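This is a predicted model, so every value here is computed, not measured.
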Amino acid sequence: MSSSEPTVLLIDDEVQMRRFLRASLSASGFKLIEAGTAAEGLSLAASHNPELILLDLGLPDEDGVNVTRTLREWTRVPIIVISARGREASKVEALDAGADDYLTKPFGVSELLARMRVALRHAAHAGGAPEPVFEVGALRLDLARREVTLNGEDVHLTPLEYRLLSLLAQHAGKVLTHSHILKEVWGPGHAAQTHYLRVYMAQLRRKLEPDPARPRLLMTEPGVGYRLKDEPTSRR
Amino acid sequence: MQVPRSLIGRNVLLTVALIALATAIGHLARDHFAAPDFVMLYLLVVVVAATRFGRKPALLASGLSVLAYDFFFVTPNFTFAVADERHLLTFATLFIVSLSISALAETARSSSLKAQTEEMRSSLLSAVSHDLRTPLAAITGAATTLKENAATLAPATRDELIDAICVEAERLERLVGNLLDMSRLQSGVLEVKREWVPLEEVIGAALGFVEGALGARPIRTRLPADLPLIPVDPVLLEQVFRNLLDNVAKYTPAGTPVELAARAVEGGVEVVVEDEGPGLAPGTEQKVFEKFFRGAHPGTQGAGLGLAICKGIIDAHGGTLRAGTSARGGARFTLTIPLVGVAPQVPHEVETAT
């Protein structure tokens with residue numbers, strides 16, 4: 001086993017989930033270490049310095065949201081939380097507590113690997129200057145020159161639309177919660193005004209999506225937030 | 001079971017009328033019978049009230065019986081005065097027997113109701129466990145075949161089995177999700193978290209989710225740009241569109257066009273989801289919203305919960321959901337969302353070039 005394989009820490013009490021993830025992640029070139037409880041997971045995170053953490057929110061000994069908070073006290077390691085459908089509130093809590101992304105059980109391995117790639121890539125760029133140019137499909141965003149083009153043609157955005165798009169582009173591929181976006185774009189006093197955000201997202205879609213009712217770039221994550229696609233795949 | 005408020009008043013009136021009738025009969029027959037005989041007449045009224053009208057009318061009948069008996073049949077007549085103390089014993093007996101009858105009748109009613117509920121629950125349970133077992137059986141079958149014949153299976157067969165596992169697992173996931181939604185709706189823990197959202201966003205999320213299932217079916221959306229924001233729980237409303245579109249995927253042939261159209265109506269927004277498939281069987285426009293109802297389509301499976309969930313969610317928003325037939329004979333679902341409350345204003349921003 002070469003040391004270039006990224007180490008992934010999996011914190012999940014479900015034996016069958018661990019089995020499935022062990023098989024698929026080792027096959028995809030990751031080195032997996034496993035914990036069945038929050039306590040074990042926290043100590044392995046400290047002793048092994050993993051490159052990424054997969055954290056189940058339904059652990060027997062501690063709420064996954066608290067685990068996220070504890071980890072964020074001392075590490076910037078990307079955390080992807082795993083939770084069941086219908087628990088949007090706890091996903092949002094975990095994301096606002098510092099998790100990087102989430103997966104809803106049951107999920108396929110390709111979805112998992114895509115999320116992991118995005119999280120690892122963002123971690124690699126963290127601290128450095130953001131990529132000056134973001135490109136996906138027909139959309140091109142030049143952050144240095146504040147230029148947005150679609151199929152090579154200039155797109156005129158309002159200042160708020162531009163701030164919203166550039167925030168999403170800087171975190172492309174990652175989900176951003178409503179409150180996070182509102183704080184960044186509108187300021188801390190507007191974290192609860194989700195209708196502002198929804199209206200501006202609709203405006204952006206009208207300017208950037210061929211069919212705004214079937215978005216290909218500016219994706220809605222119901223009950224959680226938005227995600228700007230970073231790979232021009234049309235199917236999820 | 002709850003007796004509707006309007007019926008309570010009617011039942012009370014009927015009880016009073018029956019007591020009056022018993023008194024009238026007794027009065028006419030007073031020369032041929034002794035006073036204690038009329039006790040039986042009153043008991044008859046109590047039995048009728050207890051078995052037909054419920055507990056409160058039965059209690060009322062018990063009290064009225066004693067009073068009417070005293071007033072009309074106990075000397076001195078037409079007063080509540082009692083000349084002979086032995087009548088007090090009759091009153092007490094009449095009252096206690098009446099109370100016992102109404103209590104017994106109540107127990108009988110509730111236990112028969114319980115038996116009905118029990119019967120319904122067990123038939124639901126068997127329907128559900130059948131629906132759960134079918135995909136599970138397919139998964140188990142395919143997985144064990146793969147496990148035991150790993151070396152000898154032709155690659156094509158292996159791929160087929162793996163596909164079957166994925167498809168059936170997805171079906172199982174939908175089923176479990178629906179059951180969960182249904183139980184949430186029924187237990188009343190479903191919380192409608194209203195926010196002001198553009199309909200387009202909700203429909204867009206639902207379309208993204210069912211895209212794979214819809215395959216090559218052409219999808220047309222007609223959403224006016226000036227549609228108002230709607231006060232809904234976006235996660236729940238998305239579920240409604242997901243279920244409606246899932247049905248299109250299940251019940252229409254591949255390639256069948258689907259249309260989603262919305263318009264502003266008086267006090268709300270109306271959305272029509274229609275397809276050009278075979279449509280609903282005539283006369284099932286109401287039934288499709290019942291739990292565990294399944295259209296008589298060959299080769300399709302589901303628990304028959306999707307539309308019941310849609311109805312439950314739309315009801316929780318104070319809206320309406322109707323099923324019908326589209327102009328081209330396909331299924332049409334029309335839902336309305338009322339605009340409750342005051343829509344928030346989004347400050348206008350001056351457009352400047354970037």
Side-chain angles (χ1 to χ4, degrees), chain A residues 84-89 92 104-109 141-142 145-149 154-163 165-166 178 186 190 192-203 205-207 209 211-216 218-224 226-227 229 234-236, chain B residues 166 169-170 172-174 176-177 180-181 184 189-191 193-212 214-215 219-223 225 227 229-231 233-239 241-242 260-262 343-354:
Chain A
R85 192 177 80 104
R87 314 287 309 258
E88 274 69 27
V92 171
T104 305
K105 274 198 262 189
F107 51 84
V109 71
L141 171 60
D142 189 326
R145 305 165 69 173
R146 298 175 69 88
E147 261 176 15
V148 182
T149 59
D154 279 347
V155 181
H156 298 287
L157 299 182
T158 67
L160 280 171
E161 287 167 356
Y162 179 80
R163 261 154 76 186
L165 181 65
S166 67
H178 295 130
W186 277 268
H190 295 86
Q193 257 135 352
T194 50
H195 57 276
Y196 281 27
L197 174 53
R198 292 183 201 274
V199 166
Y200 275 85
M201 276 306 283
Q203 285 172 202
R205 282 188 178 129
R206 288 212 185 100
K207 291 182 180 178
E209 299 272 5
D211 181 355
R214 306 188 69 190
R216 291 284 174 257
L218 298 158
M219 311 309 288
T220 303
E221 300 277 329
V224 178
Y226 296 98
R227 185 194 302 274
K229 275 263 169 99
S234 62
R235 291 272 156 86
R236 52 194 274 169
Chain B
C166 294
E170 247 174 60
L172 204 56
E173 140 83 347
R174 269 209 305 276
V176 172
L180 206 76
D181 288 343
R184 261 193 225 137
V189 293
L190 187 93
E191 212 189 316
K193 286 182 231 143
R194 283 179 198 266
E195 289 173 52
W196 291 89
V197 294
L199 178 68
E200 184 183 79
E201 176 174 309
V202 182
I203 286 181
L207 281 172
F209 199 85
V210 295
E211 197 164 60
L214 285 175
I219 302 162
R220 200 150 78 105
T221 52
R222 287 194 293 138
L223 308 174
L227 214 58
L229 297 181
I230 48 175
D233 183 320
V235 178
L236 292 179
L237 191 64
E238 193 223 328
Q239 186 68 44
F241 289 115
R242 249 194 228 188
L260 293 104
Q345 294 300 307
V346 177
H348 193 70
E349 193 190 9
V350 187
E351 191 132 345
T352 52
T354 48

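Distance check, rounded to the nearest 0.5 Å: CD of B/E200 to CE of A/M201 gives 10.5 Å. Note: A/R214 CZ to B/R220 CZ = 13.0 Å, rounded to the nearest 0.5 Å.
Contact detail for B/A205 and A/T220: the closest heavy-atom pair is CB-CB, 4.2 Å. Taking both residues in full, the closest heavy atoms of A/P106 and B/E173 are given as CD-OE1, 3.1 Å, listed atom of the first, atom of the second, then distance.
Of the listed residues (B/D233, B/V197, B/I203, B/L199), the one with the most heavy-atom contacts under 4.5 Å to chain A is B/V197. Note: A/A213 leads A/P215, A/A213, A/G223 in heavy-atom pairs under 4.5 Å with chain B.
Heavy atoms of B/Q345 lying under 4.5 Å from chain A belong exclusively to its backbone. The contact between A/D211 and chain B is made entirely by side chain atoms (from C-beta outward), counting heavy-atom distances below 4.5 Å. Both the backbone and the side chain of A/P212 have a heavy atom closer than 4.5 Å to some heavy atom of chain B.
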message = Test side-chain contact (heavy atoms from CB on, under 4.5 Å) on B/K193 and A/E88; report intermediate values, then the result.
response = CA-CA 12 Å; B/K193 286 182 231 143; A/E88 274 69 27; over 6 Å; no
ask   = When you look at B/W196 and A/V199, which way does the side-chain contact (heavy atoms from CB on, under 4.5 Å) test go after all the steps?
value = CA-CA 9 Å; B/W196 291 89; A/V199 166; over 6 Å; no
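Residues that satisfy the ring-ring contact (aromatic ring centres under 6.0 Å, His included) test with B/F241, not counting sequence neighbours, are absent from this structure.
Comment: A/R198 engages B/E195 in a salt bridge, judged by a side-chain N to carboxylate O separation of less than 4.0 angstrom.
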